[in-house]
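Here it is, the structure in full.
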Amino acid sequence: MNRQSYWGIAALIVFVIAAGGFIYWQLSEMQQFKKQAAQETAEAEKLLRQSQKSKKVSKTGNTARQATDVTAADSDTPPAEKPITETTSVTDKTEPTQAQSNVPAQTAETETEVRVSPHGFGPYPEVPEDYPSKVEWERNPDNPDRTQELMSRVFVKLWTEGEKNFRGGGTHNGKVYPWYHNTIYVRFRTYKNADGEIVRYAGTKMSGPRVDRSGIDDWFNPPPHIRILDLESSGIYPYQYLNLR
């Protein structure tokens, strides 16, 4: 065997050894990879089973709670009695008592029915059923006149208190004057004549349409069917009478 053949065989042996080592390393790496993949798969399956088990338990718990709630709200069987404490909490599942259920309805009804004056006089008073005319907030519900509303309030209160022999009225110098049947409000004045005598006379006169003025020749001595009231001392101060400010 010559030298050249010797080196060729040596080279072949080295190649075979190197190739065998490489193949062994490849096989070892593949085995390690398969083992790691198997572990990861096992871990994933374990996590999946735990997740499914947790969901199942959660679903079972929710179903149990729902069943308990339905029983408490709808069942004819009363729940077990619990010790009564001083503090009572009301939840959305608590059946309201009759008093509790009536209060909101009554409040809403009151808020709907109560109307308030736009002029700061507060809620409108209740008008008696036998009151003979419309009040201002009925005639002009959207924009009642301030003075007319005051008069209507005075007249309703008079009527409620039993004074019913008038129909309507007027105002003079901030006071309200009901129109009574055959009644005239007169302002009496005085003056001094040329002789120095004090003369008294009838000045301003106010009355409603229900007055028969026939036969009035002397305001100081009117006919029997006429009643004369002093304009200054008569009349009603509305704010004072109605306790308004």
Side-chain angles (χ1 to χ4, degrees), residues 98-191 200-245:
Q98 184 176 1
Q100 290 173 338
S101 60
N102 288 342
V103 169
Q106 292 175 351
T107 303
E109 182 180 355
T110 303
E111 291 176 353
T112 302
E113 292 182 353
V114 173
R115 298 174 55 203
V116 180
S117 166
H119 305 298
F121 301 145
Y124 293 124
E126 183 179 355
V127 181
E129 293 183 359
D130 61 341
Y131 190 73
S133 60
K134 280 191 174 183
V135 293
E136 176 62 15
W137 50 91
E138 293 176 345
R139 288 192 297 264
N140 301 295
D142 297 329
N143 187 29
D145 180 80
R146 182 186 183 90
T147 301
Q148 293 293 329
E149 181 185 333
L150 275 176
M151 285 198 297
S152 290
R153 286 174 174 267
V154 169
F155 299 152
V156 166
K157 184 174 181 179
L158 283 174
W159 194 273
T160 302
E161 292 176 344
E163 190 167 345
K164 302 182 178 182
N165 57 337
F166 68 93
R167 293 295 182 273
T171 61
H172 180 72
N173 287 342
K175 292 200 292 186
V176 175
Y177 294 84
W179 297 147
Y180 295 104
H181 180 67
N182 277 340
T183 299
I184 303 174
Y185 298 98
V186 180
R187 172 183 285 171
F188 293 100
R189 294 183 175 274
T190 60
Y191 73 95
R200 189 166 178 257
Y201 70 98
T204 305
K205 306 173 186 66
M206 291 178 57
S207 68
R210 303 171 66 214
V211 175
D212 178 11
R213 293 186 175 232
S214 62
I216 303 177
D217 298 324
D218 184 359
W219 289 100
F220 299 99
N221 187 24
H225 68 281
I226 292 296
R227 179 175 63 153
I228 301 296
L229 295 178
D230 182 70
L231 184 67
E232 296 293 336
S233 60
S234 300
I236 299 170
Y237 289 103
Y239 287 90
Q240 181 179 352
Y241 182 60
L242 300 171
N243 294 321
L244 298 175
R245 295 182 179 180

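What's counted below: heavy atoms across the whole structure, side chains too, no hydrogens, waters or symmetry copies.
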Name every donor-acceptor pair, under 3.5 Å, that has one atom in a side chain of residues 120-134 and the other anywhere in the protein, sequence neighbours excluded.
unit_1	atom_1	unit_2	atom_2	d
Asp130	OD1	Trp159	NE1	3.0
Asp130	OD2	Trp159	NE1	3.4
Asp130	OD2	Lys164	NZ	2.9

Taking atom CH2 of Trp179 and atom CD1 of Ile184, what is their separation to the nearest 0.5 Å?
10.5 Å

Does the side chain of Phe166 reach to within under 4.5 Å of the side chain of Tyr177, using non-hydrogen atoms?
no

What do the steps show when you test Met151 against Ile236 for side-chain contact (heavy atoms from CB on, under 4.5 Å), and what is the final call?
CA-CA 10 Å; Met151 285 198 297; Ile236 299 170; over 6 Å; no

Within the structure provided, determine whether Trp219 and Ile216 are in side-chain contact (heavy-atom separation under 4.5 Å).
yes

Ignoring hydrogens and angles, state whether a donor on the side chain of Thr204 or Arg189 is under 3.5 Å from an acceptor on the partner side chain.
no

Got a donor-acceptor contact below 3.5 angstrom from the Tyr191 side chain to the Tyr201 backbone?
no

Exercise: identify the closest heavy-atom pair between Trp137 and Ser152:
CZ3-CB, 3.8 Å

Kindly indicate whether the side chain of Glu149, heavy atoms from C-beta on, has any atom under 4.5 Å from the side chain of Thr147.
no

Beyond-backbone contact of Ser233 with Tyr185, side-chain heavy atoms, under 4.5 angstrom
no

Considering all heavy atoms, the nearest Phe188-Asp230 contact
CD1-OD1, 3.8 Å

Minimum-distance pair of heavy atoms, taken over all atoms of His119 and Asp145:
NE2-C, 3.9 Å

Judged by atom type as modelled, is there a donor-acceptor pair below 3.5 Å linking the side chain of Asn140 to the main-chain atoms of Asn143?
no

Would the distance check show the side chain of Lys175 and the main-chain N or O of Ser234 forming a donor-acceptor pair, the cut-off being under 3.5 Å?
yes

Any Pro144 side-chain heavy atom under 4.5 Å of Ser117 side chain:
no

Quick check: closest heavy atoms across Pro223 and Ser214, and the distance to 0.1 Å?
CG-O, 4.0 Å

Closest heavy-atom pair and its distance - Thr183, Val211
O-CG2, 3.5 Å

Give the minimum heavy-atom separation between Thr171 and Met206, together with the two atoms involved.
O-CE, 4.0 Å

Would you say Val154 and Val176 make side-chain contact, with heavy atoms under 4.5 Å?
yes

May I ask you to decide if Leu150's main-chain N or O and Glu136's side chain share a donor-acceptor pair within less than 3.5 Å?
no

Does the side-chain contact (heavy atoms from CB on, under 4.5 Å) test come out yes or no for Arg227 and Tyr180, once each step is laid out?
CA-CA 9 Å; Arg227 179 175 63 153; Tyr180 295 104; 3.4 Å; yes

d(Leu229 CG, Ser207 OG) to nearest 0.5 Å is 11.0 Å

Can you see whether Arg167 engages His181 through a side-chain donor-acceptor pair at a distance of less than 3.5 angstrom?
no

Are any non-hydrogen side-chain atoms of Glu161 and Val156 less than 4.5 angstrom apart?
no

Excluding sequence neighbours, so at least two apart, what forms side chain to side chain donor-acceptor pair (under 3.5 Å) with Asn182?
none

